[in-house]
Amino acid sequence: PPIVADGGSGGSGAGKVIIFAHHKSVHHKLYEHLEKQLGSCGEQWVHVKGETGAAERSAHLAAFRDNPRCRVALLAVQACGAGLNLNQADTVVFAELCWTPSTLEQAEARVHRMGQQRSTLVYYLTAGGLDSPDAIMFNALDAAAAAVARGGDGAEAEGARRGARA
């Protein structure tokens, strides 16, 4: 896919991409695709999932942060969706959705951290048409996030997904 080949940054080739996934089967398919496109995990891309050990996880995340040649990180949304600063990336791709808007927002916030100097792009991949389960779930997540935003200050609010619709 162009987003991986371009490394984010709208084709400039200078950016880093984070791909978040949840299910093992999705990780497996994405891993196979990245391995075929970019070669073995480690130099140009890294993979961190729930069962990745602490030392390996730290090494992979350090490689993503510090190695300019390592431009893609395939990460488990539950294992890497909170508590990390990954502001070296400028593109985030959610390969699948979670039922909890805060999980997605926390994962997205890994890139929107102190020190982020670039604009960032966030993609939510959905399968099927407007009546597909993914599209229905995306719109439900957007509505839930908007309801939370309205409850905070009582004002009408655009959805947390910035008014996006599947």
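Small disclaimer: the values here were computed from a predicted structure and weren't measured.
- Atom-to-atom distance recorded for Cys70:SG and Lys16:NZ is 5.5 Å, nearest 0.5 angstrom.
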Stepwise, does the side-chain contact (heavy atoms from CB on, under 4.5 Å) test hold for Val93 with Val17? CA-CA 7 Å; Val93 177; Val17 178; 4.2 Å; yes
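- Contact between Ala76 and Gly50 at its shortest, heavy atoms only, is CB-N, 4.0 Å.
- Formation of a donor-acceptor pair under 3.5 Å by the Lys49 side chain with backbone atoms of Lys24 is not found in this model.
- Using a distance-only test at 3.5 Å, with no hydrogens or angles considered, no donor-acceptor pair links the side chain of Arg57 to the main chain of Thr52.
- Residue Leu34 holds its CG atom at 10.5 Å from CD of Gln44, rounded to the nearest 0.5 Å.
- With sequence neighbours excluded, the residues forming a ring-ring contact (aromatic ring centres under 6.0 Å, His included) with Phe94 are Phe20, Tyr124, listed by chain and number.
- From Ile18, atom CD1 reaches atom CD of Gln88 across 8.0 Å, with rounding to the nearest 0.5 Å.
- Ala95 and Ile19 make their closest contact through CB-CG2, 4.2 Å (heavy atoms, listed as atom of the first residue, atom of the second, distance).
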Worksheet item: What's the verdict on side-chain contact (heavy atoms from CB on, under 4.5 Å) for Leu86 and Leu75, showing C-alpha distance, side-chain angles and the deciding distance?
Response: CA-CA 11 Å; Leu86 298 171; Leu75 306 177; 3.7 Å; yes
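- Closest non-hydrogen pair, Leu38 versus Trp45, comes out as CB-CD1, 3.7 Å.
- With sequence neighbours excluded, the residues that form a ring-ring contact (aromatic ring centres under 6.0 Å, His included) with His47 are His27, Tyr31.
- Contact between Gly15 and Asp90 at its shortest, heavy atoms only, is CA-OD2, 3.4 Å.
- Residues Val26 and Ala21 share a closest heavy-atom pair of CG1-CB, 3.8 Å.
- With values rounded to the nearest 0.5 angstrom, Leu61 atom CG is found 12.0 Å from Arg110 atom CZ.
- Taking all atoms of both residues into account, the shortest heavy-atom contact from Asn85 to Arg65 is O-CD, 3.8 Å.
- Put simply, the side chain of Val77 reaches to within 4.5 Å of the side chain of Thr103, judged on heavy atoms.
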